[in-house]
Amino acid sequence: MLDNLSKYKIILASNSPRRKELMTGLGIKYSVKTLPDIDESYPETLVGGEIPVYIAKGKADAYMHLIKPDQLIITADTIVWLDGKVLGKPQDMDEAREMLRSLSGKTHQVYTGVCLTTKTFQRSFSSVSDVTFATLTDEEIDYYVDLYLPMDKAGAYGVQEWIGYIGVENITGSYFNVMGLPIQRLYRELKTL
């Protein structure tokens with residue numbers, strides 16, 4: 001599958017173990033290359049899915065001077081969107097607990113923006129999933145934060161971890177998008193290159 005990609009050396013510009021796992025599942029050859037200190041700020045006027053697309057494009061732009069003609073760079077960013085606000089990666093354990101309390105018993109959106117970049121073109125898209133959490137107890141939140149240390153995850157949770165097993169009541173949209181990469185949509189986009 002995806003024989004059309006044989007003309008490219010594919011580079012996943014992400015250190016996320018979840019994104020690596022999902023890319024590997026596609027069965028395509030790729031390498032990982034990341035740059036330090038990429039600016040992930042965005043204009044305050046952006047909302048929802050506009051935010052991770054903007055950040056994914058910014059990440060891609062940081063590679064523009066390094067891209068060789070036969071390379072395809074894949075960048076991505078994921079945010080949790082609750083009541084019109086972004087829940088990013090928590091700064092500490094207390095903020096992680098507070099984020100999970102705010103998600104408890106509510107439905108939020110997970111947006112992932114993806115950018116495909118070569119020397120001659122750039123294409124980006126976003127995917128959204130609605131995630132409904134059960135009401136979580138403080139004991140459950142403490143257990144998860146203390147054991148799983150979700151400081152590297154938007155919204156302070158990984159759907160593929162314990163909190164997802166016990167807390168996620170419903171997902172409308174791609175489960176893999178909630179993990180950090182809408183792999184089915186990415187596959188469709190890659191087929192058209």
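Position 1 is the first residue of the sequence; numbering continues from there. If you're wondering where the values come from, they're calculated on a predicted model, not measured in any experiment.
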Under the ring-ring contact (aromatic ring centres under 6.0 Å, His included) rule, collect the residues that match up with F133, sequence neighbours excluded.
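Result, ring-ring contact (aromatic ring centres under 6.0 Å, His included) vs F133: H108, Y157.
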Residue list, ring-ring contact (aromatic ring centres under 6.0 Å, His included) with F176, at least two apart or on another chain:
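Result, ring-ring contact (aromatic ring centres under 6.0 Å, His included) vs F176: none returned.
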Side-chain donor-acceptor contacts of residues 79-93 below 3.5 Å, not counting sequence neighbours, with atom names and distances?
residue: D92; atom: OD1; partner: D94; partner atom: N; Å: 3.2
residue: D92; atom: OD1; partner: E95; partner atom: N; Å: 2.8

Testing the 3.5 Å rule here: is there a donor-acceptor pair between the side chains of T192 and R123?
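Yes, a side-chain donor-acceptor pair sits under 3.5 Å.
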Whether the N177 and T112 side chains hold a donor-acceptor pair (N or O, under 3.5 Å, no angle test) is what I'd like checked.
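Yes, side-chain donor-acceptor contact under 3.5 Å.
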Can you measure from [atom1] ([X]) to [atom2] ([Y]) and round to the nearest 0.5 angstrom?
X    : Y    : atom1 : atom2 : value
I28  : I10  : CD1   : CD1   : 4.0 Å
K153 : T78  : NZ    : OG1   : 12.0 Å
R19  : L12  : CZ    : CG    : 8.0 Å
Q109 : S127 : CD    : OG    : 12.0 Å
D61  : D39  : CG    : CG    : 11.5 Å
I183 : L186 : CD1   : CG    : 5.0 Å

Could you tell me which non-hydrogen atom of [X] sits nearest to which non-hydrogen atom of [Y], and how far apart they are?
X    : Y    : value
K59  : A76  : NZ-O, 2.7 Å
A60  : T117 : CB-OG1, 3.3 Å
I73  : A13  : CG2-CB, 4.0 Å
A62  : L35  : O-CD1, 3.5 Å
F125 : E189 : CE2-CG, 3.4 Å
K119 : P69  : CB-CA, 4.2 Å

Show, in sequence, the C-alpha distance, side-chain angles and deciding distance for V114 and L116, and conclude whether the side-chain contact (heavy atoms from CB on, under 4.5 Å) test is met.
CA-CA 7 Å; V114 179; L116 308 175; 4.2 Å; yes
Using a 3.5 Å distance criterion without hydrogens, assess whether the side chain of Y175 forms a donor-acceptor pair with backbone atoms of S129.
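Flag not set: sc Y175 to bb S129 has no pair under 3.5 Å.
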Using a 3.5 Å distance criterion without hydrogens, assess whether the side chain of S104 forms a donor-acceptor pair with backbone atoms of R101.
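Answer holds: no.
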Is there a chain of hydrophobic side chains (I, L, V, M, F, W, Y, each step under 4.5 Å between heavy atoms) that links [X] to [Y]?
X    : Y    : answer
Y54  : M64  : no
Y63  : I74  : no
V159 : L103 : yes
V32  : I38  : no
V128 : V110 : no

Evaluate the side-chain contact (heavy atoms from CB on, under 4.5 Å) criterion for residues E50 and Y111: first the C-alpha distance (whole Å), next the side-chain angles of each, then the deciding distance (0.1 Å), finally the verdict.
CA-CA 9 Å; E50 298 169 344; Y111 289 98; over 6 Å; no
Does some side-chain heavy atom of C115 sit less than 4.5 Å from a side-chain heavy atom of Q122?
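Sidechains of C115 and Q122: in contact.
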Taking C-beta and beyond as the side chain, do T118 and Q71 meet within less than 4.5 Å on heavy atoms?
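T118 does not reach Q71 side chain to side chain.
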Take Y144 and L100, measure what side-chain contact (heavy atoms from CB on, under 4.5 Å) needs, and give me the verdict at the end.
CA-CA 10 Å; Y144 176 69; L100 290 170; 3.7 Å; yes
Specify whether F121 and Y8 have parallel, tilted or perpendicular ring planes, treating 30° as the upper limit for parallel and 60° as the lower limit for perpendicular.
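Rings of F121 and Y8: perpendicular, over 60°.
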Residues [X], [Y]: salt bridge by 4.0 Å N-O rule:
X    : Y   : answer
D138 : R97 : no
R18  : E21 : no
D77  : K57 : no

Checking side-chain contact (heavy atoms from CB on, under 4.5 Å) for the pair L136/I166: CA distance, chi angles, key distance, verdict?
CA-CA 9 Å; L136 303 170; I166 65 102; 4.0 Å; yes
